[in-house]
Amino acid sequence: MDASLSPERRAALLIAAMTLDEKIALMHGVNRIKGDAASGYDFDLPPNGYVGYVPPNRRLGIPSLTLADGRAGVGNKARDVTLLPAPVAAASSWDPRLLNEFGRVLGQEQWGKGTNVALGPSIDVVRVPEWGRSFESYGEDPYFNGVMAAAEIEGIQSQGPIADANMYLTMNQESDRFRADSVVDERTLEEIYLPPFEAAVRDGHVDTFMCAYVKTNGVYSCENADLLQRMLREQLNFDGWVMSDWGATHSTVDSANNGLDQQMPDDTYYGATLKKAVLDGQVSTGCINRHVRNILVPMFRHGLFDRPPTGTWASNVRSPLHDSFSRKVAEQGTILLKNANSILPLQTNVSIAVIGAAGTTAPKIEGGGSSAVIAPYTISPRDGIRKRVGNGTQVSCTDGSDLAEAAKTAAAAQIAIVFVHTNETEGEDRPNLELPDHQDQLIATVAKANKQTIVVLDTGGPVLMPWADDVSAILEAWYPGQEDGNAIAAILFGDVNPSAKLPLTFPKDAAGIPTASKEQWPGSDGHSRYIEKLNVGYRWYDATRTEPLFPFGFGLSYTTFQLSHLVVSPANLDSQTGAVKNVSVIVDVTNTGKCGGAEVVQLYIGQPPANGEPPRQLRAFAKVQLNPGETKPVAMTLDKRSFSIFEPSQHRWISPDGTYEVFVGTSSRDLPLHGSVVVGSANLPQ
Ligand code: BGC
């Protein structure tokens, strides 16, 4: 308990005092999985509420570990907590500061509940648009996910708890999730799937990871030496601990020797069997000590011994500030996808029909599975809109179950707003990208009855929109959390000017997606083959020249912007080799419209063709707020990675010489400004 010593020293002293039983006790949780893990998400929550629990060691004064889910608020049926919008909504802000605050709010509520290990964020790249958990993550770009992950983790950990980034690695589908094998080549693994985790370590200083249910190249994640030792420890220098996802441990000896520090939630493999394996000499004491060290060092580093949380699972952790933050995230995350004839923002004196279950009787505020949160209240779109327009304006409603009724209600109003939704959840992928429950038909019916139809999507991922040309406006509001109706009303009536952008591509049709074949998803013979390789998300649309419905990075505003004066500074070079250290880029952004608003400037790199990379890859972005007529310079920095590829034959990143193109604009398909950077010795001053 000498807090003046380093965490490493304190851990070493403690380990020297621990018996084998005490060490093993720290290496597993004590909750039970109810029934068969293979049947899905089915755990007995312990009386203390925490979904993962390691009891304290009273002899040595080791505090308990109290683990709770939290992607959009404290989960596991906790009461008196705030439901934030889905992480994909927060990410759509393209604002790392918002994600940092998101993490702070989440971390503060977790800590207030007595949680010292907060399970989240989920940072996997969305490979398959049907993935049932894509709403929990940030989107389809590795660099973007890394920036968001680091920001959120930093926020969570600033409030006390240790964040647990998940799911490591290639957790890209729910279909067959307890057995599926992701077959992926090394370069793709390193360039697409690893970077968010790398940023979580390097920039977010995350101290725990959760290894995933799936296998990568034939080996379960939680006993995969390549993932856990070579990549995580040697390459990323990760210095915390790896816990298994709930039920993702499959062995004792292989797991222990290949890098799993802690089994969750129980001791099936890391209790008596682990002790026996040590006594039999199959797992060394040195190996056990390393695992225990990996757990204890972060516990010391985060002050769990010195400043344990004082709250309990029963604490009320809500606050008016958190309620309004939830609303702010929903407002900042709602994307304006279409706005024909500037139908939006609406005036408050027009009669409005609110149609659809998500708008009226059953607001779709969150996704399902372990990220689910018990909302303290729900503002429905109907209620939010009614409150915003006041008593003088007529707002009629119908849930849309009766199409004739929907048509009648729509025809009787000046503006019809249809709210549609998907039901996304952990444990299953969507069967396809269509809106379920005949909602396409509902939209078509309403659009026919009223020429001024606005569609609001409450989905966790992309959907097909066969009706896109027939409606006046489209908003993607995602799963917006408890403040749903207030946030959408603020957008609809222009109190908030939308400034969010898509963090994933919306395809035109089912065939035109990167993972359209069965062998890619959901896989055949238990293997999901990543044959699209680096061409994930927009990379594939660009490489195959496929027109998306709405591209990655796209989102409209009630104002307009113009970019000009791109300056790509000469590369800061290593004087010996000419290799790029970093490059700074400046561009002017002007608000050319009539109201204040924010634009996201996006920078994509096109590598020399010989590098064999996708045509363009996001490497920097910046969000800027501008008054009408105002111009501001926006500065971005490109690091060495922007000019690198992973070379599998050498197992490392290299920077091939050549001309790297710089594309700057406001979506992956609207890149008006070009520059370039020359890499290599030819670039050195003579
Ligand atoms: C999920 C994890 C979650 C855990 C505990 C698992 O089914 O995959 O993300 O943290 O359950 O609830």
Side-chain angles (χ1 to χ4, degrees), residues 129-130 334-347 349-365 380-386 388-389 393-424 430-480 484-485 488-489 491-493 506-510 549-550 556:
E130 295 91 341
T334 298
I335 308 173
L336 180 62
L337 294 174
K338 178 174 180 182
N339 192 16
N341 305 319
S342 298
I343 184 177
L344 294 172
L346 298 174
Q347 303 297 316
N349 58 1
V350 290
S351 60
I352 295 171
V354 177
I355 298 167
T360 55
T361 50
K364 185 63 195 170
I365 56 174
S380 70
R382 172 193 58 203
D383 292 351
I385 290 169
R386 280 200 172 136
R388 179 62 183 80
V389 297
T393 303
Q394 193 204 323
V395 179
S396 53
C397 297
T398 173
D399 70 6
S401 53
D402 178 340
L403 290 181
E405 164 84 15
K408 207 173 102 209
T409 312
Q414 284 166 284
I415 300 275
I417 312 178
V418 196
F419 288 80
V420 292
H421 68 281
T422 54
N423 301 306
E424 291 167 55
R430 282 187 282 161
N432 54 52
L433 298 175
E434 285 161 32
L435 285 169
D437 309 328
H438 312 291
Q439 294 179 96
D440 284 335
Q441 212 184 331
L442 173 64
I443 296 171
T445 304
V446 172
K448 212 167 148 206
N450 189 320
K451 290 283 147 272
Q452 310 228 70
T453 292
I454 296 161
V455 174
V456 178
L457 300 158
D458 286 314
T459 71
V463 288
L464 302 179
M465 305 184 206
W467 35 261
D469 289 340
D470 307 327
V471 301
S472 298
I474 305 172
L475 286 157
E476 174 56 87
W478 308 110
Y479 295 149
D484 183 358
I488 199 67
I491 296 274
L492 289 167
F493 296 98
F506 276 45
K508 269 212 165 104
D509 52 56
L549 179 60
F550 296 112
L556 300 168

key: Nearest non-hydrogen partners of V354 and G359, listed with the distance   = CG1-O, 3.8 Å
Nearest heavy atoms of R430 and L433, plus distance in Å = NH2-CD2, 3.8 Å
inquiry  = If you compare all heavy atoms of D470 against all heavy atoms of A447, which two are closest, and at what distance to 0.1 Å?
reply    = O-CB, 3.7 Å
Flag side-chain contact, heavy atom, 4.5 Å: L435 against I443 = yes
remark   = Scanning both residues in full, the closest heavy-atom pair of D458 with A477 reads OD1-CB, 3.5 Å
request  = For the residue pair T422 and Y479, establish whether any side-chain heavy-atom pair is separated by less than 4.5 Å.
outcome  = yes
task = Check the pair T453 / K448 against side-chain contact (heavy atoms from CB on, under 4.5 Å), numbers first and verdict last.
result = CA-CA 9 Å; T453 292; K448 212 167 148 206; over 6 Å; no
query = Does C397 reach the side chain of T409, with side-chain heavy atoms less than 4.5 Å apart?
reply = no
task = Please report the C-alpha distance between V471 and M465 in whole Å, then the side-chain angles of each, then the deciding distance to 0.1 Å, and finally whether the side-chain contact (heavy atoms from CB on, under 4.5 Å) criterion is met.
result = CA-CA 10 Å; V471 301; M465 305 184 206; over 6 Å; no
message = If we ignore hydrogens and angles and just use 3.5 Å, is the side chain of T360 paired with the main-chain N or O of R382 as donor and acceptor?
response = no
message = Go through it in stages, so that I can follow the logic: the residues are I352 and L492, the test is side-chain contact (heavy atoms from CB on, under 4.5 Å), and I'd like the CA-CA distance, side-chain angles, deciding distance and then a yes or no.
response = CA-CA 11 Å; I352 295 171; L492 289 167; over 6 Å; no
inquiry  = Less than 3.5 Å apart, any donor N or O on the side chain of E424 or T459 sitting next to an acceptor on the other?
reply    = no
key: V420 side chain reached by V463 side chain, heavy atoms, under 4.5 Å   = no
key: Any donor-acceptor pair under 3.5 Å from D437 side chain to Q439 backbone   = no
inquiry  = Please determine whether side-chain contact (heavy atoms from CB on, under 4.5 Å) holds for the pair I335 and F550, giving the CA-CA distance in whole Å, both sets of side-chain angles, and the decisive distance to 0.1 Å.
reply    = CA-CA 11 Å; I335 308 173; F550 296 112; over 6 Å; no
key: Check: D484 and S380 side chains under 4.5 Å, non-hydrogen atoms   = no
ask   = Of all heavy-atom pairs between E405 and T398, which one has the smallest distance, and what is that distance?
value = CG-OG1, 3.4 Å
message = So which atom in A468 and which in L549 form the shortest heavy-atom distance, rounded to 0.1 Å?
response = CB-CD1, 4.5 Å
ask   = Does the side chain of V455 come within less than 4.5 Å of V446's, by heavy atoms?
value = no
Close side-chain approach of I415 and N450, heavy atoms under 4.5 Å = no
query = Is any side-chain heavy atom of L346 less than 4.5 Å from a side-chain heavy atom of I417?
reply = yes
